[in-house]
Amino acid sequence: MQFKELGNLFNSFGEISGKRFNSITSISDMLGWQKNSFNEFLKLDSSGISQYTMEEIKAKSAVLGLTDELTTQAVALAKDADFTAKASTGKLTFKDALKDNKNSLTDIGKALEKSDKLNIAWKESLQKAAEAGTDAYEAEVRKIITINKDVGDSIIDIGTSVQSSTTSLSAYFKGMLASIKPLVPAIAAVAVAFAAFKAWDYSQHGFTRAVQDAENAATEYENVKSNLESLNSELDTTRSKIEELQTLQKNGTITFAQEVELEQLKSTNDELERQIAIQESLLKIKQEASAQAALNASKQQQTYTEAMEKEYGGFWGKIYGFLTDNGGTYVSNMTGEVVKTGSKAEEWYSKYGEDSTVTGQVKANIKALEEYKQGLVDIEKQLKDNPEDKNLIKTQDELKTKIEDTTTALADQSSTLQGWIDQSTDSNGVVAKGFESSVEEWTNALTQIQNIGKSQKEIDLNNLNNYFSTSKGKIMKQYLEDIAKSSGSAEEALNAFTKTGISLEDINVSSDGFLRYFEDIVKSATDASDAISGFDGSLESITTAGESANQDVNWNTVTDLFDKAKKLDESKKWGTDDFQSMAQFIAPEGSIINTNNSNLKATDYKDLWDKYYANFKKYFDSENPLQSAINAQDKLISSGLGSMSSDGIIKWSENFKTSADAAKAWGVSVEAAEIAMHNLESYGAEFDGVVFSKEKLDEYKTSLEGIRSIYESMDNSANKDRLGKLIEGFDSEYANFEQDISKLSEDQIVRIKFEYDLASIQEEIDNIRSQIESGNASVENFASVIAGNDAYIKKQKELLNFDKIEIPVEIQASEKSIEETRKKMRTATGDEKIQLQAELSNKQEVEKSLLNAFNDAHPEITPDTDPSVVQQKMNEFFSKPQSICIRNRWKKKTKLLRKILTFGKGHCKLKKIIGIMLIPLIQKLKMLMLLKLRLLLWTELHHRLDWLERNN
């Protein structure tokens, strides 16, 4: 730092001395003259606010050697001081914090929650307000502090650590030592040198502070995770004990002390659930904070001084870094001229190409390691001819040391990167939203380290696994695997990969490595298909059969439990869970006991058991399994659900549609009926065309809940509106199926699974889109969006059996336009390629919207629907005006829409038009006019009119 720059923080040499504030821990302890001096030191205005920022005050305080407590109070007076800085003084009350409009009410609320000033009622009201949203929460915080004097007057205690964003001060102090040297003889310069050293020292440790912040945030995140796990474990234990005591209560054998314990446990259960809800909310906050701290650290440049401290130890590294931060001069023996040398720091920074972040150092260290290893190979070749050459031996030793040091550095950097990845992901490996790009960057750096010394095949495999593990790679992997399996060709997978606009060079994989990877997938799929198709008598097929479960596995399990319950009945142990659950199981639909009945007795289960025991044993007799199967078969035939020919061939009747029909015939539950049907399959029976209702209902529910989960995570959009309407219909259907399971058909299962698949694909697409919209508009990300859209469209076409119908001209026009853009992408590079990828993804949105509109209009269509029926309905659909929603997401220089849309508050109104007038989305308006395509169009453009006008 030059003296001119130093003057920005200090007015005089005298001000650099901190003696006047020695050992003072509070402004309130200062004498009058000290307060005046301190006010001048901070340049306080009439309102008591300093002209300096928090970081500048920290630097000034470090130079003067102020105590931590006084530094904290000084920072609280900075012009950019935040709530945390002010509260860290230990003197701020909640009432005063509320008066300061600069303070965040949310931050005040969090401090309030951590305090011991709130009673249970206030804590619960805050929790409910938090669940209602930010506005409600902040209003409740204001209310509590305003009406509760004790709370308002209490001091906010958040500890003394001032957490704030740091600003690199290196630029302030660059060249500082050179400025000081000429003045060393002067006493004043000694004071300046000492003060400057302390200020310089602070400026050199931004990376260290950021890494420490990241470690602290990771610790807090892990602590919350650990607390949550403990609470969940405690909740499980509590619930188990409650169930045990409730069983005693039902049986009438509970003691008075146990009743008291039960009430206490119920109260504990409620409190644990409340705490878990709070911890789950806190976990999300801590994960985001942890991920942000890791991101901050990853962006921070490590300084030369920090590197020297790591190499030589804290004290000597600091001194060495300070003394070697400037260059020197020497007299050339050759010319006699004075030559200026660069500083050690400059040499160190040049090694990393001005990027001394961890990932920047990884790249440089890998490159350097390769050079050192190659250099060692060359030196050792020379040593074979000159084994006693001292210079060669010295160079050999130096290279070995460099290789060892660089390898150690890379190992340390690997540990750092892995730590950042871990603290940015949850226990399921899901990356915190908004940090996907950062985690991918760290993962890529780790993979580069792992590739050191590997063969090309190993590198290809590592790079593929790394790419496919990322958010953008997961959707691409699924897309390519489906193509490879369906086509049986790795070449087709490679072709599909490049058609998205991405190249093998983009993911650093060779063509041979890519093809081998997907050839293995094709082989695995073929082997699995062969295993499913039958058993050929080979050792492999025998082994496979031995490892798979037989159809009667559940029947055997049920009969074992049935026999166990029989023994409990004989012992009159009707209050046991094993007996009661089995009594419920053997009863038919509609006959089970309502366990919520407070007057329920153990003998009620005994009565249920006696009523249905004999009937159930006909079909679940462990001592007579064959007879059980014969009984089940005969009952189905006698109930009109099948017939047997004279040669013993059984044919099921058309009335036998679902397992609910078998349950009714046998007088058992649907679940029990399906187990009995699978047992019949073990004897060779086949139930092709018969729907296993309970299993299918479970499948239906699983798909429905999956769709609902995706819907709840979506941002507001037309896609979300569409999914919401579908959920309403599915909920209604599910409620009907629960009342009458026989109404559930295979077509309905196919339909909801189809929508779940589409929603899952779209969720992946939207995740990548959010990264693009956040600024990461890379070729790889756009390629994944295109791959996802291709998979979405393929799924839609499979439902409609597109290969068996004449494709409507409207879809043909869309596909032709898409292929034209793909052709352009083949030779495009850089920004032009990305622009074409964006254009292509928009065109895909048009086709998706067209197919969605048709599918929504005809939910009754499944892959089993007669192609002629699909053709007829499709012809009718495209012959009439339809409402189509098209999502346009990407800003491009080309025109996105004709000026046929009128905008209002960022949204366009509906207009009736002839032809889709989306110029690059479906090109050549003249061609479309000839097709006489008539549509009502609206769009989800998030661009306002001013943007549209600028680009038209």
Side-chain angles (χ1 to χ4, degrees), residues 437 440 444 456 460 463-464 467-468 470 472-473 475-477 479-480 482-484 487 489-518 765 768-769 771-773 775-794 811-848 887-897 916 918-928 951-952:
S437 298
E440 286 179 15
N444 288 338
Q456 184 58 50
D460 283 341
N463 288 345
L464 278 169
Y467 170 64
F468 288 144
T470 62
K472 63 191 174 190
I475 191 170
M476 180 66 78
K477 182 182 181 182
Y479 170 64
L480 297 177
D482 288 345
I483 289 174
S487 67
S489 168
E491 288 283 356
E492 286 297 319
L494 178 57
N495 182 47
F497 179 73
T498 56
K499 285 176 71 174
T500 64
I502 196 172
S503 67
L504 292 175
E505 288 78 12
D506 291 324
I507 59 172
N508 297 315
V509 174
S510 70
S511 177
D512 287 343
F514 185 96
L515 291 173
R516 281 293 305 276
Y517 184 92
F518 282 96
I765 294 171
I768 306 301
R769 277 176 163 163
Q771 294 183 47
I772 294 174
E773 290 170 354
N776 189 13
S778 64
V779 168
E780 295 95 324
N781 276 342
F782 270 113
S784 294
V785 170
I786 292 170
N789 283 336
D790 277 338
Y792 192 105
I793 292 169
K794 181 184 177 185
I811 304 298
Q812 290 181 35
S814 172
E815 292 181 344
K816 182 177 180 180
S817 181
I818 287 173
E819 288 308 311
E820 287 174 355
T821 303
R822 288 195 197 273
K823 289 179 183 178
K824 293 178 184 178
M825 282 199 313
R826 292 174 188 169
T827 56
T829 57
D831 290 342
E832 181 187 2
K833 175 179 281 190
I834 291 176
Q835 181 175 314
L836 288 169
Q837 284 179 309
E839 181 179 309
L840 175 57
S841 69
N842 277 338
K843 293 181 178 182
Q844 289 175 316
E845 288 295 340
V846 173
E847 186 162 347
K848 285 166 62 179
R887 301 185 65 176
N888 168 53
R889 303 294 298 238
W890 319 120
K891 295 182 179 181
K892 307 190 303 299
K893 295 179 181 178
T894 53
K895 297 178 181 178
L896 296 179
L897 291 174
I916 301 181
L918 298 170
I919 292 306
L921 301 189
I922 296 184
Q923 296 175 335
K924 299 183 180 178
L925 180 61
K926 180 179 178 181
M927 176 187 70
L928 293 175
N951 289 275
N952 277 282

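Basis for what follows: all heavy atoms, side chains included, without hydrogens, waters or symmetry-related copies. Here the structure is a predicted model, which is why all the values come from computation and not from measurement.
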Step by step, would you call I507 with N463 a side-chain contact (heavy atoms from CB on, under 4.5 Å)? CA-CA 7 Å; I507 59 172; N463 288 345; 6.0 Å; no
side-chain contact (heavy atoms from CB on, under 4.5 Å) for M476 and T500? Distances and angles first, verdict last. CA-CA 10 Å; M476 180 66 78; T500 64; 3.7 Å; yes
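Side-chain atoms of D831 and Q835 form no donor-acceptor pair, as typed in the model, at a separation below 3.5 Å. Checking E505 against S503 by side-chain atom types alone, a donor-acceptor pair falls below 3.5 Å.
Proximity of a side-chain donor or acceptor of Q837 to a complementary backbone N or O of V779 within less than 3.5 Å is detected. In this structure, the side chain of K843 engages the main chain of S817 through a donor-acceptor pair within 3.5 Å. Using a distance-only test at 3.5 Å, with no hydrogens or angles considered, no donor-acceptor pair links the side chain of N781 to the main chain of I772. A donor-acceptor pair under 3.5 Å is absent between the side-chain atoms of E847 and the main chain of I811, judged by distance alone. Using a distance-only test at 3.5 Å, with no hydrogens or angles considered, no donor-acceptor pair links the side chain of D482 to the main chain of Y479. Judged by distance alone, the side chain of N776 and the main-chain N or O of S437 form no donor-acceptor pair under 3.5 Å.
Taking NZ of K833 as the reference point, atom OG1 of T827 lies at 9.0 Å (rounded to 0.5 Å). The distance from atom CD of E780 to atom CD of Q771, rounded to the nearest 0.5 Å, is 11.0 Å. Atom CZ in R516 sits 12.5 Å away from atom OG in S511 (nearest 0.5 Å). Taken from CD in Q844 to CD1 in I765, the straight-line distance is 8.0 Å, to the nearest 0.5 Å. Once rounded to the nearest 0.5 Å, the distance linking CD of E820 with NZ of K824 reads 7.0 Å. Going from atom CD1 of I475 over to atom CD1 of I786 covers 11.0 Å, rounded to the nearest 0.5 Å.
Listed here is the closest heavy atom pair of S841 and N789: O-ND2, 3.8 Å. Residues G473 and S784 come closest through the heavy atom pair N-OG, 4.4 Å. Counting all heavy atoms, side chain and backbone alike, N495 lies closest to T498 at O-OG1, 3.0 Å. The two residues I834 and A777 have their closest heavy-atom pair at CD1-O, 3.3 Å.
Under the 30°/60° scheme for interplanar angles, the aromatic rings of F518 and F468 are found to stand perpendicular. Between F514 and F497, the ring planes are tilted. Angles from 30° to 60° get that label.
At a threshold of 4.0 Å, the pair D790-R822 counts as salt-bridged, since one of the basic side-chain nitrogens sits closer than that to a carboxylate oxygen.
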